[in-house]
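Input: a single structure, listed below in structure tokens.
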Protein chains: 2
Amino acid sequence: MRLSSMADYAVVTMSAAARHCGGHRVSAQQLADETGLPAPTVQKLVSKLSAAGLLKAVRGAHGGLKLARPAAAITLADIVEAVEGPIALTPCSDHGRHDCTLESACTVRPHWPAVDAALRGALAGIPLTQLSRPAATAALGAEVMA
Amino acid sequence: MRLSSMADYAVVTMSAAARHCGGHRVSAQQLADETGLPAPTVQKLVSKLSAAGLLKAVRGAHGGLKLARPAAAITLADIVEAVEGPIALTPCSDHGRHDCTLESACTVRPHWPAVDAALRGALAGIPLTQLSRPAATAALGAEVMA
DNA sequence: AGATAACCGGAACGATTCGGTCTGATTTGC
DNA sequence: GCAAATCAGACCGAATCGTTCCGGTTATCT
């Protein structure tokens, strides 16, 4: 139930990138300085994030990163899926492989897709713009918990 | 974003135990046979589950396991928390330790508790009774996604 | 009372994944 | 044409996770 460190770092990195939304590009090194993360780690992250279409990378001298979409159109679910792949709590959900020993008799497997969808929905409700702001701990989650 | 195998097995085990709700106790070995899981693994799981108050264990000859509560009062969140501890996507959430390098300047950390609560809410909405039934893939999650 | 059956806790081993570092390929600017 | 700065992929060590084994405790049956 724990997010991988890479996904955690990706959220921090994207949040830092969103703060530079004002046009001019940012280098991966600069993002590393701002976030305090190791530079090679940030480089690895931006590779995955740009491959997923969340960041736009321009190479060469004076290159750098830029958000591919407005920050409001990028959610936590997008970032997590970009780094960790499809959101699925169990291996049963994402591919047809049932290595389960009881295959057909398993009564819980049919319910995992619904759980995954609920989880993904909770993450998709949090845009990047919200993570860049400094405060407001509440107001979210209450609606889902009820 | 993947559930640990132990938590996955715990759900299967609890679901199998729920099918024996009719009074008489079940041995851990019998649960292992029904689920196809290794017997030592099931034993380790029932230890944690009974310590968490989800299963009631009676020792001695003709002993066995029994649900400590009605199946309707046990949710996915209970089982996951019993095996994996508190539901928290990041280490920032559950204890005061901030090993983050930027501590005070981190703008995303205040938002993690809300995300955790939303996630836990999604899992708490699924009772054990629902997992024992054979079908009905949909009907859940739609409300949370909206 | 002895023996059996079942649960309980800790410790050690092996495998897999994760996180971090390094080197190479590509593009732009002068 | 050269050089600087960037992204992109491959390698490696380390930590965690999952599994198995062992001895101990408790209550029932003979």
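These values consider heavy atoms only, across backbone and side chains, with no hydrogens, waters or symmetry-generated copies. First the proteins, then the strands, lettered A, B, ... as listed; each starts at 1.
Mapping A/Ala61 and A/Met6 onto DNA chain C by nearest heavy atom places A/Met6 at the nucleotide closer to the 5' end. Comparing B/Gly63 and A/Pro40 by the nucleotide of DNA chain C whose heavy atom lies nearest to each, the residue mapping closer to the 5' end is B/Gly63.
Between the side chain of A/His111 and the backbone N or O of B/Gln130, at least one donor-acceptor pair lies under 3.5 Å.
Taking atom CG of A/Leu55 as the reference point, atom C1' of D/dT6 lies 14 Å away to the nearest angstrom. Atom CG of A/Leu45 and atom P of C/dT21 are 13 Å apart (whole Å). Here C/dC7 presents its P atom at 13 Å from CG of B/Leu49, a figure rounded to the nearest Å. The distance from atom CG of A/Leu3 to atom C1' of D/dT16 is 16 Å, rounded to the nearest whole Å. Per the geometry, CZ belonging to B/Arg59 stands 14 Å off P belonging to C/dA6, to the nearest Å. Across the protein-nucleic acid pair, B/Met1 atom CE and C/dT17 atom C1' stand 17 Å apart, rounded to whole Å. C/dG20 atom C1' lies 12 Å from atom CG of A/Leu37, rounded to whole Å. One interatomic measurement links the two molecules: NZ of A/Lys48 to C1' of D/dC7, which rounds to 16 Å at whole-angstrom precision.
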Which is it for A/Met14 and A/Leu55 under the side chain to side chain contact (heavy atoms under 4.5 Å, CB included) test, yes or no, and what are the steps along the way? CA-CA 9 Å; A/Met14 287 294 288; A/Leu55 286 179; 3.9 Å; yes
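In this model, the phosphate group of D/dG18 is not approached by any side-chain N or O of B/Tyr9 to a distance below 4.0 Å at OP1 or OP2. The shortest distance between the side-chain N/O atoms of B/Ser27 and the OP1/OP2 oxygens of C/dA6 is not below 4.0 Å.
With sequence neighbours excluded, the residues that form a salt bridge (Lys or Arg N to Asp or Glu O under 4.0 Å) with B/Glu81 are B/Arg120.
In this structure, CG in A/Leu65 is found 6.0 Å from CG in A/Leu31, a value given to the nearest 0.5 Å.
Residue-level contact check: A/Pro38 touches the backbone only, with heavy atoms under 4.0 Å from sugar-phosphate atoms and none from bases. Contact annotation for A/Gln43: base contact, defined as any heavy-atom pair under 4.0 Å involving a base atom. Residue-level contact check: A/Ala28 touches the backbone only, with heavy atoms under 4.0 Å from sugar-phosphate atoms and none from bases.
Distances were taken from every side-chain heavy atom of B/Ser5 (C-beta onward) to each of D/dT28, D/dG18, C/dG9; the shortest belongs to D/dG18. Listed candidates were D/dC7, D/dT19, D/dA10. Nearest to the side chain of B/Thr41 is D/dT19.
With contacts defined as side-chain heavy-atom distances shorter than 4.5 Å, the pair A/Leu54/A/Lys48 does not qualify.
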